Amino acid sequence: MDRATFDRALRVFKHRTPFRPFTLAMVNGDRLEVDYPDALAFRDGAALYFGAGGTPVLFDYEGVSEVIGDLAGESPV
């Protein structure tokens, strides 16, 4: 995924109203479910997610292959 698409996708999914969880599919096959919008911070192609229990996950645009979630009725990413 390129940097601009990464930033745009995270912004759209994070700021949906009402918020709905979404999944990040990583290039290594792992999946990360973002279940709370304020647990995710990102800028310039890098992101930090605090999972349940406060476990931090650091990743960037090169490590994400796909953002999975329902955008029905919203602007495309």
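Remember, it's a predicted structure, so these values are computed and weren't measured experimentally. The analysis underlying the following values was restricted to heavy atoms, covering all of them including side chains, and did not include hydrogens, waters or symmetry mates.
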Minimum side-chain heavy-atom gap L24-M26 below 4.5 Å: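 Contact flag for L24/M26 side chains = yes.
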query: Would you say the side chain of F42 lies within less than 4.5 Å of the side chain of K14, judging by non-hydrogen atoms?
result: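 Yes, close enough: below the 4.5 Å cut-off.
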Determine the minimum heavy-atom distance between [X] and [Y], stating which atoms define it.
| X | Y | result |
| --- | --- | --- |
| A46 | F6 | N-CE2, 3.9 Å |
| G45 | D7 | N-OD1, 3.1 Å |
| G69 | F22 | CA-CB, 4.5 Å |
| F59 | L40 | CZ-CD1, 4.1 Å |

query: T23 pairs by side-chain contact (heavy atoms from CB on, under 4.5 Å) with which of V34, V67, I68, L32?
result: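 Single pass found, and it is I68.
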In Å, rounded to the nearest 0.5 Å, how long is the span from [atom1] of [X] to [atom2] of [Y]?
| X | Y | atom1 | atom2 | result |
| --- | --- | --- | --- | --- |
| F50 | Y36 | CZ | OH | 13.0 Å |
| E62 | M1 | CD | CE | 12.5 Å |
| H15 | L10 | NE2 | CG | 9.5 Å |

- request: Please check if any side-chain donor atom of Y61 sits under 3.5 Å from a side-chain acceptor atom of D44, or the reverse.
  value: no
